[in-house]
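Shown next, in structure tokens, is the structure this report addresses.
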Amino acid sequence: MTPYSPAAIEPKWQDIWAEGQIFTANRSADKPKYYVLEMFPYPSGRIHIGHVRNYTMGDVIARYKLATGHNVLHPMGWDAFGMPAENAAMASGGHPKDWTYQNIADMRAQMKPLGLSIDWTREFATCDPEYYGQQQALFIDFLSKGLIYRKKAVVNWDPVDMTVLANEQVIDGKGWRSGADVERRELVQWFFKISDYSEELLSAIDGLDNWPAKVKLMQANWIGKSRGLQFAFDRTDGGQIEVYTTRPDTLLGASFVGISPDHPLAKELEAKDAKVAAFCAECRKGGTTAEAIEKAEKLGLDTGLTVKHPMAGQPDLPVYIANFILMDYGTGAIFGCPAHDQRDFDFATKYGLPIIATFLPDADAPNDLATAYVPPKTEKVFYTKGFAGGAWQTGEQAVDAAIAHCEAHAIGQGVTKFRLRDWGLSRQRYWGCPIPIVHCDTCGAVPEKKENLPIELPYDVTFDVPGNPLDRHPTWRNCACPACGAPALRETDTMDTFVDSSWYFARFTAPHAPTPTNMDDAAYWMNVDQYIGGIEHAILHLLYSRFFARAMQITGHLPDTAIEPFNALFTQGMVTHEIYMTRDTAGRPVYHFPQDVKNGKLADGTVVEVIPSAKMSKSKKNVVDPDDILAQYGADTARWFVLSDSPPERDVEWTASGADATYKHLARVYRIASEIAAAPDATGTGDDDLLRAMHRCIHDVTMGLETFGFNAAIAKLYAFTNVLGKSTATAATKRQAALVLAQLMSPMTPHLAEDIWASLGGAGLIATAPWPVADPAMLVSDTVTLPVQINGKRRTEIVVAADASAQTVETAVLALDLVQKALDGASVKKLIVVPGRIVNIVI
RNA sequence: GCCGAUGUGGCGGAAUGGUAGACGCAGGGGAUUCAAAAUCCCCCGGUGGUAACAUCGUGUGGGUUCGAGUCCCUCCAUCGGCACCA
């Protein structure tokens, strides 16, 4: 008997699968299609164990669906544009393209030994001109349908490096390379009109039945629908300031008007007042993220202007420029009600503005607030300065009443606004999809002709100076205007990499089509039946993809059945690991790789401090290299381990002892199967028990795979293996059970399963063998053991016929000595018999 | 602060409102062996008891129910996510 040797069997079966092309997807009318997709990786250069878990989950689904008679599409590609390639080029002098394609080759070489059932014929990288050329075609089509437009928007500007910075390149408000204070600067940029679809993207969330509720909630909050009042304050010196508020019921508590430093009025004042200009410049320091703006100290400047309160008899209000007001949301101007908004309260306290409550918890509550009073809008409060509706009403009712009042008195209009902003896609970087636009002195910004696509990135660029190499390329920009033919200049901005990942799932249905998609293929394969990835993509990637599917439908690139591209979404947890730490002589932490720690000690005997399991990170050195794991244990062990122990949506802790135990278990299965294969035909006992356990296992594992209960399915397989290992059944029955065990394991441990299948004489490949079906008759037994409770506490159990009537069970239970003793002559108040489940006697 | 999730043995976790702790890890005992590795068998929530068994036990305190880890409410803790969003 040969021992279990993954190094021998895994490559062997991978070669056989590849030769048989069994994972190559072709359209077929005979079978239902099933499209399973894992979020494609960024080619950083090394796969990590988190990738292994992600792809293994997808692979289990793909293999299970293949075995259950589906025509499966399971592709893989590379999200290959992005900053790390440019950073690497800057750091080491290489080229982003070479770096990226080398990384792809390395990672593909790491992934192939995992034995994933991927159709590699569909592989592409988003940096392939064939892919991004079609993306440029999409851009042109979107532009023609008004789905893309240009406007000014702020970017992070590094004044020393003279370059645009991404948010992640801004560290504590400073440029990551130069260390200079980052400024906000306006550039003209391209935008997707995703905000036109706010209502649609929000309401369609309801139909996403197989998405995690958490993700749906996060998307809904991100889109952020609100109802409020829009109206204009009249300036006492003429002109108006338009404001939007979600709390019009607090209008009588207004004590100032605030405008954004980017508000047109602020810019007007800036031009003629040095003090305002200096203040606005101060406000523009720091990054563009909401977080950076939030963390900045709240600053205000009294403009000296005043506005009239729209309600009669109210005092005029001062106008402040304030750094916490965003030009992007609402109208870029607010009225401040310090009594009912903590931020306004802080501002009013700082600048000595009045604090006027409009409602209180009850009629005789004190009216001097020490902090803003902000109850939930659903709470009923007492309005001391209400102007619509009753004195006692909820915030919601008061808001509705206030809007109705203001509309009736021509003060303003009720409007619905969304938090969702348009998606800026311009990036001032080299390693991305060029925006196919030509700038002509006479014709303006003109889309490139489709026959000129792809507009390829030039290879001859350098990264020795900051900024976008496309800007300083000697010839690449020069071209003819697509409209008039005159000499013109190409746009040098490239697209946000989220664009690349917003339609790759559609491209997989026809990866080499001469158009973005092939409608026949898209109609056949879309939607993605099961999408699997990390929770970190819950908002942006998934929302952008939902928008793209709609835009592609409008431009004729997807059927209207595909506007929600992901039928089911699963967000898997991370793989974590303990952290091993010692301290150097200065007391600073020093981290150690898991392979350098044995029994809590380093090789030199130093005891390490063990920090509880956390997300793997290179700096904490709590990482395991999939290459090492595969070399030590093989792919099947890695696959089995990352699925066992923890539910897939939760984090799983990688432990060396767990991996050892997994390997031992697989070796045991292999040994048991080998013994069965080698055993002569012989009679035995307990066939029925083994077959019943087998059918029970088929049922349980199938249920587990259907519901992402991988860890539970694996537990059932352990239990069945124990039964099989101890069984004394006839050789033929054991053989049958071992074949089924191999099948049930095959989605998780495909190589081991194939090998067992072959040694036991299974027909063909296990990968394509039909999934076993549990016989319902074998799932029920003749007798059943019922727990007997007295007053809800389990006291004993009783064995009765499975089909015994409630009456029979009652009689049997009441006859029990223990029950009679407990009764002690008293009468039974109530007797509950749940057939097949439990008996409860209430005394 | 708001929103969301989670809380079960030494550990990871299991449990359509129906015997809490499946399965695995760690631990203990035994078999096999000259010995070890590997393998196999048994035990393994707390307390009391030789045992049978009793009793307590799913973050806290209540509630619904014949019956609650599961449903409802309060609080606590941990972990995520988010916002100067007007």
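Each chain gets a letter, A, B and so on, in the order its sequence line appears, and its residues count up from 1.
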(Q) I need the A/Leu201 CG to A/Leu543 CG distance, nearest 0.5 Å. (A)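 So the CG of A/Leu201 and the CG of A/Leu543 are separated by 5.5 Å.
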
Q: Step by step, work out the side-chain contact (heavy atoms from CB on, under 4.5 Å) result for A/Leu540 and A/Phe498.
A: CA-CA 8 Å; A/Leu540 292 182; A/Phe498 272 115; 3.9 Å; yes

Q.
Assess, by modelled atom type and distance only, whether the side chains of A/Glu649 and A/Gln572 contain a donor and an acceptor separated by less than 3.5 Å.
A.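 No, A/Gln572 and A/Glu649 have no side-chain donor paired with an acceptor closer than 3.5 Å.
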
Q: Would you kindly say whether A/Tyr244 and A/Ser226 are connected by a side-chain donor-acceptor distance under 3.5 Å?
A: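 Result is yes, a qualifying pair exists.
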
Measure [atom1]/[X] against [atom2]/[N] and give the value in whole Å, please.
X	N	atom1	atom2	result
A/Phe720	B/G24	CZ	P	15 Å
A/Lys417	B/C85	NZ	C1'	12 Å
A/Arg247	B/C84	CZ	C1'	17 Å
A/Trp222	B/C85	CH2	C1'	11 Å
A/Leu217	B/U6	CG	C1'	16 Å
A/Asp660	B/C25	CG	C1'	11 Å
A/Leu540	B/C82	CG	C1'	12 Å
A/Lys216	B/C82	NZ	C1'	20 Å

Q | Contact state string [nucleotides 13-22 of chain B, B base, S sugar-phosphate only, - no protein heavy atom under 4.0 Å] | A | SS-B-BB--B

Among all residues two or more places apart in sequence or in another chain, which pass the side-chain contact (heavy atoms from CB on, under 4.5 Å) test with [X]?
X	result
A/Ala333	A/Ile241, A/Val243, A/Ile259, A/His263, A/Thr331
A/Ala738	A/Ile676, A/Leu724, A/Leu760
A/Ser5	A/Ala7, A/Ala8

Q) For A/Asp262, which residues count as a salt bridge (Lys or Arg N to Asp or Glu O under 4.0 Å) partner, sequence neighbours excluded? A)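 Result, salt bridge (Lys or Arg N to Asp or Glu O under 4.0 Å) vs A/Asp262: A/Arg284.
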
Q | By salt bridge (Lys or Arg N to Asp or Glu O under 4.0 Å) - contacts of A/Lys225 (at least two apart) | A |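 Salt bridge (Lys or Arg N to Asp or Glu O under 4.0 Å) list for A/Lys225, sorted by chain: A/Glu199.
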
Considering only nitrogen or oxygen atoms on both sides, find all protein atoms under 3.5 Å from nucleotides 69-71 of chain B and state each distance.
none

(Q) Working note: A/Met57 + A/Leu643, criterion side-chain contact (heavy atoms from CB on, under 4.5 Å); need CA distance, chi angles, decisive distance, verdict. (A) CA-CA 8 Å; A/Met57 286 181 195; A/Leu643 297 176; 3.7 Å; yes

List, with names and distances, any nitrogen or oxygen atoms from the protein found under 3.5 Å away from nitrogen or oxygen atoms belonging to nucleotides 77-81 of chain B.
none

Looking only at atom [atom1], what distance separates [N] and [M], rounded to whole Å?
N	M	atom1	answer
B/A35	B/A31	P	11 Å
B/U58	B/G21	C1'	9 Å
B/G9	B/A5	C1'	24 Å
B/G57	B/G62	P	12 Å
B/U55	B/C43	P	24 Å
B/G67	B/A20	C1'	14 Å
B/G28	B/A38	P	15 Å
B/A22	B/A36	C1'	34 Å

**Q.** Residue pair A/Val399 / A/Arg227, side-chain heavy-atom distance below 4.5 Å
**A.**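 They are not in contact (no side-chain heavy atoms under 4.5 Å apart), so the answer is no.
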
Q.
Just confirming the chi classification of B/G9, syn or anti, using 90° around 0 as the syn window.
A.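 Syn conformation here, the glycosidic angle of B/G9 being no more than 90° from 0.
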
Q. Does the ring center of A/Tyr718 lie less than 6.0 Å from the ring center of A/Phe720?
A.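 Between A/Phe720 and A/Tyr718, which both carry aromatic rings, the centre distance is not below 6.0 Å.
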
Q | Ring centre gap for A/Tyr544 and A/Trp423 strictly below 6.0 Å | A |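 Close enough - the centres of the two rings lie under 6.0 Å apart.
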
Q | A/Gln413 atom CD, neighbour heavy-atom count above 12 within 6.0 Å | A |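 No.
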
Q. Which of the following nucleotides, B/A86, B/A26, B/C3, is nearest to the side chain of A/Ser657?
A.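 Nucleotide nearest to A/Ser657's side chain: B/A26.
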
Q: Could you provide the dot-bracket string of RNA chain B, using ( ) for intrastrand pairs, [ ] for crossing pairs and | for bases paired to another strand, with Watson-Crick or G-U pairs below 3.5 Å?
A: (((((((..(((.....[....))).(((((.......))))).((((....))))..(.(((..]....))).))))))))....

Q) According to a strict under-4.0 Å criterion, is A/Asn722 in side-chain N/O contact with OP1 or OP2 of B/G24? A)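 It does, given that an N or O in the side chain of A/Asn722 lies less than 4.0 Å from OP1 or OP2 of B/G24.
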
(Q) List the residues meeting side chain to side chain donor-acceptor pair (under 3.5 Å) with A/Arg794, not counting sequence neighbours, and say none if there are none. (A)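 Counting only residues at least two positions away or on another chain, A/Arg794 forms a side chain to side chain donor-acceptor pair (under 3.5 Å) with A/Glu797.
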
Q.
Return whichever of A/Gly658 or A/Arg795 has its heavy-atom-nearest nucleotide of RNA chain B closer to the 5' end.
A.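 So the residue in question is A/Gly658.
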
Protein-nucleotides 37-41 of chain B N/O pairs under 3.5 Å:
residue	atom	partner	partner atom	Å
B/U39	O3'	A/Arg671	NH2	3.1
B/C40	OP1	A/Arg668	NE	2.8

Q: Begin from the C-alpha positions of A/Phe641 and A/Tyr663 and carry the test side-chain contact (heavy atoms from CB on, under 4.5 Å) through to its verdict.
A: CA-CA 9 Å; A/Phe641 182 84; A/Tyr663 183 84; over 6 Å; no

Could you go through residues 212-220 of chain A and list every donor-acceptor pair under 3.5 Å that involves a side-chain atom there, pairing it with any protein atom two or more places apart or in another chain?
residue	atom	partner	partner atom	Å
A/Lys216	NZ	A/Leu208	O	2.9
A/Gln219	OE1	A/Arg546	NH1	2.8
A/Gln219	NE2	A/Ala538	O	2.9

(Q) Walk me through whether A/Asn711 and A/Ser646 qualify under side-chain contact (heavy atoms from CB on, under 4.5 Å). (A) CA-CA 6 Å; A/Asn711 56 324; A/Ser646 287; 5.8 Å; no

Q: Give A/Thr245 one of three labels, base, sugar-phosphate or nothing, depending on what nucleic acid heavy atoms sit under 4.0 Å from its own.
A: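 A/Thr245: backbone/sugar contact only, no base atoms under 4.0 Å.
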
